[in-house]
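Every chain is numbered from 1, with letters handed out A, B, ... down the list of sequences.
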Amino acid sequence: MLDTKFILANLDLVRKATDDKHAASPYIDFKRFAELDEQRRKAQAENDKLAAEKNKISKQIGQLIGQMKRASDADRLKLQSDSGKLQEESKALDEKMQSLAMTFADCERWQDEMRAWIPNVPHESVPEGTDPSANKVVREWGGEPRKFEFKPRYHHELGADLRILDCERGAKVAGSGWYFLRGDGARLERALVSWFLDVHRTRHGYTELFPPFFVTEKTLYGSGQLPKFLDQMYNALEDHLFAIPTAEVPVTAYHRDEVLEEKDLPKKFCAYSACFRREAGAAGADTRGILRVHQFNKVEMLKLATPQTSWDEHEKMTADAEHLLQELGLKYRVISLCRGDLGFSAAKTYDLEVWAPAAAKWLEVSSVSNFTDYQARRSNLRYKPAAGGKPQFLHTLNGSGLALPRIQVALWETYQQADGSVAIPEVIRSYMCGQERIGVNA
RNA sequence: GGAGCGGUGUCCGAGCGGCCGAAGGAACACGCCUGGAAAGCGUGUAGGCGGGAAACCGUCUCGAGGGUUCGAAUCCCUCCCGCUCCGCCA
């Protein structure tokens, strides 16, 4: 969430961000926000003044009672009546304070509520625009798309023929949008996850985490999924837990409510997790195969950085994800999302899209974002500057590195052979016991 | 799931109704001492909010939330988390 003072000092900026991000809602009323702020500060100032007085009186009573213990009988009576009077005064103050305290708490609660619905402000380098058509292609890698000397087959055809993907049985067991990977398909999935993690760990310097797949409401709130995206999440009502839509959620919460040392920054984590998404409202889109599913595997990268380095780290993280695609030999492009397509909590996002040659489509396989201090404020993630001074909010960044099974889709389609088999990319072979191609699975 | 114990500052740990934002120790920082270091000694070291140009002042915070009281880390209630024992279990 944004800082209250920042919102008030930059109303136009915040209002535009809210509109551009299609986040305007009845919960947000900037005029009311400013009024609440004034009311809140007034109530607090008044309340604090009375509290100071009351504390003074209580202290005096304490002293009188102390004196009473040592006093003669005659003096004791006098002291007793004095302290009685003070007690009355204190009670009177208490009554006055009650309504002030209530006003204060109400104002603060409403402000916080409103802040929870106000999105992050985009970085100035983010393209203007209201929908994906305004997104900018930053760069493309991989040259000309592969030319096939035969008619390339779609991933769902390849998956079925090679018996590495079984959507029918997935649907039987769990419903539409659920699937089985089978044989070498399942093995390739596992190999890719291991390879992703190993590259990030050994070559990109990330610490590996294996996170919980279910988290509390508070945790989801911290990374900005709640309150806005409640309907996109699976939950276990009985236990008040939600299935994570991405490892970003538990890993962002990892250092929640902590104050880190600047010398330990940036913190870099990578984490595998299954991701669960209800995809409510997406029915009808990408129905064939496994382009849009309710459960998928993903390796996530996450960084906690200072505001001074976060933009640099954002570019580096993007490069880390690209590195994987390059080694897999997959054609891809990097897109800078426009203001209207940017996520709720993000200040800037690069999407990485791989080319699926049979479908002749770009598939989003990674989304690398800088959230600046937006999530950090929600999650109370801070650091102590090396130069001294008050703790500051960190900047959080995260990006997929990478998301399955779309990578599988691109691999199958890109590396399919005339005989119907699929070649396994060089870098993955050692993770597949040296296997070089996927033929029909027994 | 049942029974018992416990959650205090960066950490350990005392406090069990007022003089407690909190003893003592450790750690860290600065200063003294030293040729230099260790030991010694001295000083300092939480966060939120509000006010103030600042120095600083006020207020709130001893797991969270509520209650009793003029006054709560201390008493009462609810919840959360941890530990020990028992039960169950991959």
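- Distance noted for atom C1' between B:U43 and B:G36: 24 Å (whole Å).
- Close to B:G47, at under 4.0 Å from its OP1 or OP2, lies no side-chain N or O of A:Arg382.
- Between the CG atom of A:Leu260 and the P atom of B:A46 there is a distance of 19 Å, rounded to whole Å.
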**OP:** Summarise how protein sits on nucleotides 64-80 of chain B as a single string, 5' to 3': B when a protein heavy atom is under 4.0 Å from the base, S for sugar-phosphate-only contact, - for no contact.
**Re:** ------BS---------
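- With the nearest nucleotide of RNA chain B identified for both A:Lys5 and A:Val259, A:Val259 has the one nearer the 5' end.
- Between A:Leu64 atom CG and B:G18 atom C1' there is a gap of 12 Å when expressed in whole angstrom units.
- Heavy atoms of A:Lys59 sit nowhere under 4.0 angstrom from any nucleic acid atom.
- For B:G42, the base is anti relative to its sugar; the glycosidic angle deviates from 0 by more than 90°.
- In this structure, the side chain to side chain contact (heavy atoms under 4.5 Å, CB included) partners of A:Ala356, at least two apart in sequence or on a different chain, are A:Ala359, A:Leu363, A:Glu413.
- Side-chain contact of A:Trp117 with A:Glu113: a donor-acceptor pair under 3.5 Å is absent, judged by distance alone.
- Comparing B:U74 with B:G6, their P atoms are spaced 14 Å from each other, to the whole Å.
- At a threshold of 4.0 Å, the pair A:Lys298-A:Glu300 counts as salt-bridged, since one of the basic side-chain nitrogens sits closer than that to a carboxylate oxygen.
- In this entry the distance linking OH of A:Tyr383 with P of B:U10 reads 19 Å, nearest Å.
- Using C1' as the reference atom, B:A46 and B:A22 are 12 Å apart when rounded to the nearest Å.
- Taking the charged nitrogens against the carboxylate oxygens, A:Asp94 and A:Lys91 have no contact shorter than 4.0 Å, which rules out a salt bridge.
- The CD-P distance, from A:Glu262 to B:U10, rounds to 19 Å in whole Å.
- Inspection of the A:Glu108 and A:Gln44 side chains reveals no N or O donor paired with an N or O acceptor under 3.5 Å.
- Within 4.0 Å (heavy atoms only), A:Lys218 reaches no atom of the nucleic acid at all.
- Remark: the separation of the P atoms in B:U61 and B:C80 is 23 Å, to the nearest Å.
- With sequence neighbours left out, the side chain to side chain contact (heavy atoms under 4.5 Å, CB included) criterion links A:Thr306 to A:Glu262, A:Leu265, A:Gln308, A:Thr309, A:Tyr383.
- One can place CD of A:Glu261 at 13 Å from P of B:C28, the figure rounded to the nearest angstrom.
- Every side chain to side chain contact (heavy atoms under 4.5 Å, CB included) that A:Ala116 has, sequence neighbours left out, goes to A:Tyr221, A:Pro227, A:Arg378.
- Only the C1' atoms considered, B:G4 is 15 Å distant from B:G87, to the nearest whole Å.
- Taking atom NZ on A:Lys384 and atom P on B:A27, their separation rounds to 20 Å, with Å as the unit.
- Taking atom C1' in both B:C16 and B:A72, the straight-line distance is 10 Å, to the nearest Å.
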Subject >> Under 4.0 Å protein heavy-atom contact, by nucleotide of nucleotides 56-61 of chain B - B base, S sugar-phosphate only >> reply: --BSS-
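- Looking at A:Ser223 and A:Glu248, their side chains never bring a donor and an acceptor atom within 3.5 Å of each other.
- Among residues two or more places apart in sequence or in another chain, the side chain to side chain contact (heavy atoms under 4.5 Å, CB included) test is passed with A:Ala274 by A:Phe213, A:Tyr272, A:Phe276, A:Gln295, A:Asn297.
- Distance, A:His240 NE2 to B:C81 C1': 16 Å, rounded to whole Å.
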Subject >> Dot-bracket notation for RNA chain B, counting Watson-Crick and G-U pairs under 3.5 Å, with | for partners on another strand >> reply: ((((((((.[[[..)..(.....]]](((((.........)))))((((((....)))))).[[[[[..)....]]]]])))))))....
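- Under the salt bridge (charged side-chain N to carboxylate O under 4.0 Å, His left out) criterion, A:Glu322 pairs with A:Arg139, not counting sequence neighbours.
- Residues meeting the side-chain hydrogen bond (donor to acceptor under 3.5 Å, both in side chains) test with A:Thr372, sequence neighbours left out: A:Asn120.
- Shown for residues 32-42 of chain A: residues whose heavy atoms fall under 4.0 angstrom of RNA chain B, namely A:Arg40, A:Arg41.
- A:Lys16 has no carboxylate O lying under 4.0 Å from a charged side-chain N of A:Asp19, or vice versa, which leaves the two without a salt bridge.
- For A:Arg377, the side-chain hydrogen bond (donor to acceptor under 3.5 Å, both in side chains) partners are A:Asp373, not counting sequence neighbours.
- For B:C11 and B:G48, the C1' atoms lie 22 Å apart once the distance is rounded to whole Å.
- A salt bridge links A:Glu327 with A:Arg203: the distance from a Lys NZ or Arg NE/NH1/NH2 to an Asp or Glu carboxylate oxygen falls below 4.0 Å.
- In this view, A:Arg182 satisfies the side-chain hydrogen bond (donor to acceptor under 3.5 Å, both in side chains) rule with no residue, not counting sequence neighbours.
- When rounded to the nearest whole Å, the span between CD of A:Glu258 and P of B:G47 equals 15 Å.
- One C1' atom belongs to B:U8, the other to B:G24, and the distance between them is 14 Å to the nearest Å.
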